[in-house]
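Encoded as structure tokens, the structure appears first; notes follow it.
Since this is a predicted model, take the numbers as computed values, not measurements. Basis for what follows: all heavy atoms, side chains included, without hydrogens, waters or symmetry-related copies.
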Amino acid sequence: MKSSTNPLMLRTRLYRPDGNPLRRRHDRRESAVVLAAFLLVMVSVWPAVLTGRLAYEGALRDESAAARHQVTATLLEDAPAARVSFTEVPAGRPTATARWTTSTGREQVADVPVPALAKAGSSVVVWLDSSGTPASPPTDPAVLLMRGVAMGTLILLGAGLLALGSFVSARRWLDRARYRDWDLAWQRADAKWRHPRQT
């Protein structure tokens, strides 16, 4: 009879329920712990997906509620070189004074983020919020999606670590119980061998 050397198959055979009379009570309990840990991870998949989706959709709603729009502004001064910051990650874009015309025809002047070393008189794109104040550009939907995926992955990872920790703790307790049973069995065998039954 050919025996399998695949570690996964050997582990599956160790934990699968069967009617083997040689399987000890503690072995059956360990199989139940493995099944419970597996079910915990499987059950956490749906909350992880739901949380990631809600985080992504909420971020999309926040982005759309910001009602940002673009205008073309004219630089009134040369932009400085890009800033290098060791305390701000990532370092912000340089700012320079620019002028643009609002939808109501009013001219507005403010410091806005601009490309490094842009020259005075050149045109730059400026993002404005609903009140006409310069704002940061909207976040790329791909970045929002990755944040949602990361949120779901963290929940799934947390459930996996909880299941693994529970399994390791239960296995240590079961191993101690096995060793106690093994010592008792040897003590009984030793007593039996030292005092054979009289016939």
Exercise. List the steps, then state whether side-chain contact (heavy atoms from CB on, under 4.5 Å) holds for R147 with L144.
Key: CA-CA 5 Å; R147 289 176 185 170; L144 299 179; 3.9 Å; yes

Exercise. With side-chain contact (heavy atoms from CB on, under 4.5 Å) as the test, would you mind laying out the steps for R188 and K192 before giving the verdict?
Key: CA-CA 6 Å; R188 285 194 295 267; K192 181 178 178 181; over 6 Å; no

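Within the 4.5 Å cutoff, side-chain heavy atoms of S136 are placed close to those of R68. Counting only heavy atoms from C-beta outward, the side chains of T139 and E63 approach each other to under 4.5 Å. In this structure the side chain of L117 never reaches within 4.5 angstrom of the side chain of D78, judged on heavy atoms. Side-chain contact between T74 and S122 is absent, with no heavy atoms from C-beta onward closer than 4.5 Å.
Atom CH2 in W46 sits 10.5 Å away from atom OG1 in T51 (nearest 0.5 Å). Atom CG of L157 and atom OG1 of T153 lie 8.5 Å apart (nearest 0.5 Å). Distance CG/L40 to CG/L164: 11.0 Å, rounded to 0.5 Å. M42 CE to L35 CG: the interatomic distance, rounded to the nearest 0.5 Å, is 11.5 Å. Between atom CZ of residue F38 and atom CZ of residue F167 there is a gap of 14.0 Å, rounded to the nearest 0.5 Å. Between the CG atom in D183 and the CG atom in D190 there is a gap of 12.0 Å [rounded to 0.5 Å].
Under a 3.5 Å cut-off, the side chain of E77 and the backbone N or O of T97 do form a donor-acceptor pair.
With salt bridges taken as basic N to acidic carboxylate O contacts below 4.0 Å, one links D175 and R178.
Of all the heavy atoms in A79 and V114, the pair that sits closest is CB-CG2, 3.4 Å. What you find for V41 and G160 is that their closest heavy atoms are CG2-CA, 4.0 Å. Taking every heavy atom of both residues into account, P115 and P94 meet most closely at C-CG, 4.3 Å. The two atoms that bring L156 and A48 nearest to each other are N-CB, 4.1 Å, heavy atoms only.
Screening V109, V124, V112 for a side-chain contact (heavy atoms from CB on, under 4.5 Å) involving W100 leaves a single residue, V112.
Note on L60 and L145: same hydrophobic cluster, where clusters join Ile, Leu, Val, Met, Phe, Trp and Tyr whose side-chain heavy atoms are under 4.5 Å apart, directly or indirectly.
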